[in-house]
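Reminder, nothing fancy here: chain letters follow the sequence lines and each chain counts from 1.
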Number of protein chains: 2
Amino acid sequence: MKEALVDKRSAALKATLALISEQGFHGTPMSQIAERANIGIGTIYRYFKNKEDLINALYIEVKKRMAEHIFNHSFKDTPVEAQLKQYLIQFIRFSIEHPQELNFTEQYENSPLITEETRAEAMRVLEPLMTLFQRAVEQRLLKAMPIEMLVAMLGGSAIALAKLYLSDQKRLDEHTLEAGVSAIWDLIKK
Amino acid sequence: MKEALVDKRSAALKATLALISEQGFHGTPMSQIAERANIGIGTIYRYFKNKEDLINALYIEVKKRMAEHIFNHSFKDTPVEAQLKQYLIQFIRFSIEHPQELNFTEQYENSPLITEETRAEAMRVLEPLMTLFQRAVEQRLLKAMPIEMLVAMLGGSAIALAKLYLSDQKRLDEHTLEAGVSAIWDLIKK
DNA sequence: GATAACAGAATGAACATTCATTCCTTGTTG
DNA sequence: CAACAAGGAATGAATGTTCATTCTGTTATC
């Protein structure tokens, strides 16, 4: 029965996400994950080598879901500026609609648990964004500085914006969101 | 003997900072902290109620040191734009010269260990920055959006910039730093 | 010699992981 | 079709380790 296999594995991942986003890595024992997922502790070890492996798999999965959302909800072949703004808006929307995901990834990326390899793997799912940046550079739309610097600052401010509207669960209306995204464009545009 | 008291207490804090910034909270047992600080485990408990208290105290101390650096290395009563840019430059300088501090605070701020109260306390040390923002608003220099949003995005991009130059320990020359800071000003300026 | 500082061994709780056992599905045989 | 195997999936109690905290004895200071 293939069904159950997929079921239990993803139940474990789902429980892990919910618990870690609230309690952190070390606040959430495997026993609690099993309980929340309605599976046995041993079952988790059928699908993941150990706790580290579980968390890593979750991280990659979440990153993929995020990237998928962003790129699937944006029209293609739009002028660079409009395209990038769409990406930003979709990223922030996703983050606000999926607080656990943002919480978890931020925790993990800022912890020493994450490996360079995993970081690189996560970078890879953002490839369309990097391609867009290349286009922007070719069209001389961006400030004259190292591209990683522009990407880093853009990412940092977008995440900060999303986090702000998660903590104060102030409503982020469409207009304010657009204003924020425009500001971020000003950050990188020539 | 007040001397030794200060000595051992700060030795504990120093060791905690170094170890946690490399190994994370849960990768660093109290025993290791004691060893590194050349003190007994029991001694740590003379100065801190428990591990949580130790980490919290360290966090506040680091934040204070950071704020002190920023505000002491900036001239006062300068026009808003120049003043803010100075703050940003000093923040990034401090972060690059004190990688452990940035690592540690980022870890802590993104973990569920930190309390709202501690967050508020940390905010308080940045009071001069908030005052400057108020001045900027009065002079209508900033984009028309909630001030917390501007602060958040500014902080996010500055931290991202500092982190970038920590990971790739690429040299961040004066010129590039200025360019980055100028970009961040564009992010918030009207 | 009294008081405070210090040290590190002892304690006990918590936890990740293992593994012997049970359960369930599917296939096989008469 | 009923009875029965076989094999993989699932389980959770048991294990061994790690670690925060406490306790007890020692050393320094006045």
* Under 3.5 Å donor-acceptor, B/Gln86 side chain and B/Phe75 backbone -> yes
* Is the backbone of A/Ser182 close enough, under 3.5 Å, to the side chain of A/Lys85 for a donor and an acceptor to pair up by distance? -> no
* **Residue B/Lys8, side-chain heavy atoms: nucleotide from D/dA9, C/dA7, D/dT11 that is nearest** => C/dA7
* Could you give the CZ-to-C1' distance, from A/Arg46 to D/dG7, as a whole number of Å? -> 11 Å
* Asked: To the nearest angstrom, how far is A/Asp7 atom CG from D/dA9 atom P?
  -> 14 Å
* To the nearest Å, how far apart are A/His26 NE2 and D/dC19 C1'? -> 13 Å
* B/Lys51, nearest nucleotide to its side chain (from D/dA10, D/dA20, C/dC15) -> D/dA20
* Once you round it to whole Å, what is the distance between P of C/dT17 and CD1 of A/Ile55? -> 10 Å
* Asked: If you check the A/Tyr45 side chain, which of D/dA20, C/dA16, D/dA10 turns out closest?
  -> C/dA16
* **Selected nucleotide, minimal atom distance to B/Asn50 side chain, candidates D/dT21, C/dA7, C/dT17** => D/dT21
* Asked: When the distance from OH of B/Tyr47 to P of D/dT21 is rounded to whole Å, what number comes out?
  -> 18 Å
* Asked: Taking CD from A/Glu35 and P from D/dA10, how many angstroms apart are they, rounded to a whole number?
  -> 19 Å
* Between P of C/dT17 and CD1 of A/Ile33, the distance in whole Å -> 10 Å
* Asked: Would B/Glu68 and B/Arg65 pass as an ion pair if we require N to O under 4.0 Å?
  -> no
